[in-house]
Protein chains: 2
Amino acid sequence: MTSSDTGRPRGGTSGKRRAILDGALAVFARDGYSRASIDAISAEAGVSTRTVYNHFTDKAGLFQAVIQESASRAAAAQIEIIERHLRKVTDLEADLMEFGLAWAMPMAADHDAHFALVRQINADAGHIPQEAIDAWQETGPLRVRRALAAHLSRLTERGLLRTDDPERAALHLFLLISSVNPSYHRVTPSEKEIADMVTAGIRAFLYGYAAR
Amino acid sequence: MTSSDTGRPRGGTSGKRRAILDGALAVFARDGYSRASIDAISAEAGVSTRTVYNHFTDKAGLFQAVIQESASRAAAAQIEIIERHLRKVTDLEADLMEFGLAWAMPMAADHDAHFALVRQINADAGHIPQEAIDAWQETGPLRVRRALAAHLSRLTERGLLRTDDPERAALHLFLLISSVNPSYHRVTPSEKEIADMVTAGIRAFLYGYAAR
DNA sequence: TACTTTTTACAACGTGCGTTGTACTTTACC
DNA sequence: GGTAAAGTACAACGCACGTTGTAAAAAGTA
């Protein structure tokens, strides 16, 4: 067994909880809810299985805590990118392009884990309590989409864009700049491939495919 | 060695095999691979569990047979829609719109099950043999996308569209007309909601969001 | 009817896993 | 150092599940 003990005896109170959440995120993202075992999670966290149950009521509770935190963190990072690139827009196409690049490039260590977890949620939605899904959507995807929609709305008022439904436009923009095939690939795409995809996505978002 | 699952039970009518495949599709799509139990599948199929093992080597083999057939059937139906609407295009926007509507409306009984299964594959890709995923992609999504790309290419040659990468354009079109939020909703969207989504998607595909 | 093939019910084995109790050890804090 | 809280090892329970064997029944075929 790979005893990757990242969390040795730490100061303060309950650094164990952090380790459990991180380990659980990794395992849930990789294996999905039903495959993920508490043993695997506790091993990944460098913690005894009993400690997991001292911090969380049961597997379902741990899962909901994990997806909630993952959504919160990822949303914060994504909103930060949105704000940084779209707060002041001078050259629309160039600024959107930089935004798309920053968006699509791996932003953090748990970047892949987060999106793998989203896929798991997406597939497992039928077995997750509706309130948990609603809460997750609210603190995660919906919040981000609204943040982007607000900026698109401002850009529309400035006459740079045109749309009567900024939320839908935000969804379209997300789809177009994230269009790299989700999984299926064992290898992560190169920077150039990502850049090509983002470029094509932004162009499509701005100008579409109709002949001029 | 799960590629060719020609069962030994030969001769006569083995309608059981059909029932197993159908039941397994329903259960795998609803519960995912690891949650789905052979008992549940055989119950759904109206068959004893032993019969399942008389037709398929094991759970993994059954799963691969199911996803392969589901991909094949869905791809055939989708390609049929593509051909019907894009073989002869007179009014680009109107024809694309009708195509999008036909695409997004539930096409068959196993429509929902198929896309739920796609979500499961998408999430479980890390636990499915690479050859199985490649084969599935080839008979399913890639084949469909190439079919659409071929038509977009023809439309480009006719001067109705512009793109130097028809495959990517096909992907973008798919994303834009399928942008209804995948799961999360217990209720299926109304026809009007689907129509609105398709309309917005087609408009975005053709003209984008840049101010004219 | 007699046969062959297919299906079924049933039991059984092994295993993995969620979860809990318990007694022991480590850590945090005064 | 001493006390309380947190963490650990370990065992155990119960259950669900994949898979196989077997003998009886059903269905198809001659």
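We name chains A, B, ... by the order of the sequence lines, and we start the count at 1 in each one. Any value given below was found using the heavy atoms of this structure, including those in side chains, with hydrogens, waters and symmetry copies removed.
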Task: Of all pairs that satisfy ring-ring contact (aromatic ring centres under 6.0 Å, His included), the ones with a partner from residues 16-36 of chain A, not counting sequence neighbours - done: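 Of all non-adjacent pairs touching residues 16-36 of chain A, those that pass ring-ring contact (aromatic ring centres under 6.0 Å, His included) are F28(A)-Y33(A), F28(A)-F63(A), Y33(A)-F63(A).
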
Open item on the list: Is there a side-chain contact between H151(B) and V89(B) in this structure, where contact means two heavy atoms from C-beta onward sitting under 4.5 Å apart?
Closed with: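 When only atoms from C-beta onward are counted, V89(B) and H151(B) do not touch, as no gap falls below 4.5 Å.
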
Open item on the list: A side-chain contact here means heavy atoms from C-beta on lying under 4.5 Å apart; do N122(B) and N122(A) qualify?
Closed with: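 SC-SC contact between N122(B) and N122(A) ruled out.
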
Open item on the list: Quick test of your reading: applying salt bridge (charged side-chain N to carboxylate O under 4.0 Å, His left out), list the pairs with at least one residue in residues 30-46 of chain B, sequence neighbours left out, ordered by first then second residue.
Closed with: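 Every salt bridge (charged side-chain N to carboxylate O under 4.0 Å, His left out) pair that includes a residue of residues 30-46 of chain B, provided the two are not neighbours, is D124(A)-R35(B), R30(B)-E44(B).
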
TODO: Output every pair passing salt bridge (charged side-chain N to carboxylate O under 4.0 Å, His left out) with a member in residues 96-110 of chain A, not counting sequence neighbours, ordered by first then second residue.
DONE: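 Qualifying pairs: R73(A)-D110(A).
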
Which heavy atom in [X] sits nearest to a heavy atom in [Y], and how many Å separate them?
X       : Y       : result
H172(B) : A204(A) : ND1-CB, 3.7 Å
A169(A) : T163(A) : CB-OG1, 4.0 Å
V52(A)  : I20(A)  : CA-CD1, 3.9 Å

Open item on the list: Between P on dG18(C) and CZ on F56(A), what's the gap in Å once rounded to a whole number?
Closed with: 15 Å

- [ ] Can you tell me the distance, in whole Å, between the OH atom of Y53(B) and the C1' atom of dT22(D)?
- [x] 17 Å

Open item on the list: My understanding is that only residues two or more places apart in sequence, or in another chain, count here; which of them pass side chain to side chain contact (heavy atoms under 4.5 Å, CB included) with E191(A)?
Closed with: M105(A)

TODO: Go through the structure and list residues passing side chain to side chain contact (heavy atoms under 4.5 Å, CB included) with E167(B), not counting sequence neighbours.
DONE: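 If we apply the side chain to side chain contact (heavy atoms under 4.5 Å, CB included) test to E167(B), skipping adjacent residues, the hits are R145(B), R146(B), A149(B), D165(B).
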
Task: F99(A): partners by ring pair (Phe, Tyr, Trp, His ring centres under 6.0 Å), with sequence neighbours left out - done: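 Once residues adjacent in sequence are excluded, the partners of F99(A) under the ring pair (Phe, Tyr, Trp, His ring centres under 6.0 Å) criterion are W103(A).
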
Open item on the list: Checking W136(B) now: which residues fulfil ring pair (Phe, Tyr, Trp, His ring centres under 6.0 Å) with it, not counting sequence neighbours?
Closed with: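 Only Y184(A) meet the ring pair (Phe, Tyr, Trp, His ring centres under 6.0 Å) criterion with W136(B).
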
TODO: Five pairs at each end of the helix from dT1(C)-dA30(D) to dC30(C)-dG1(D): take the axis at both ends and give me the angle between them to 10°.
DONE: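 That helix has its two terminal axes inclined by roughly 30°.
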
- [ ] List in numerical order all residues of residues 23-43 of chain B for which some heavy atom is under 4.0 Å away from an atom belonging to DNA chain C.
- [x]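 Close to the strand, none.
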
Task: By side chain to side chain donor-acceptor pair (under 3.5 Å) - contacts of R50(A) (at least two apart) - done: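 Checked R50(A) against side chain to side chain donor-acceptor pair (under 3.5 Å); matches are N54(A).
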
Between the protein and nucleotides 8-12 of chain C, which nitrogen or oxygen pairs come in under 3.5 angstrom?
from	atom 1	to	atom 2	distance (Å)
dT8(C)	OP1	K16(B)	NZ	3.3
dT8(C)	OP2	S48(B)	N	3.1
dT8(C)	OP2	S48(B)	OG	3.4
dT8(C)	OP2	T51(B)	OG1	2.5

- [ ] Output yes when at least one side-chain N/O atom of H55(A) is less than 4.0 Å from OP1 or OP2 of dG7(D), else no.
- [x] yes

Open item on the list: Below 4.0 angstrom, which residues in residues 58-70 of chain A have at least one non-hydrogen atom near DNA chain D?
Closed with: none

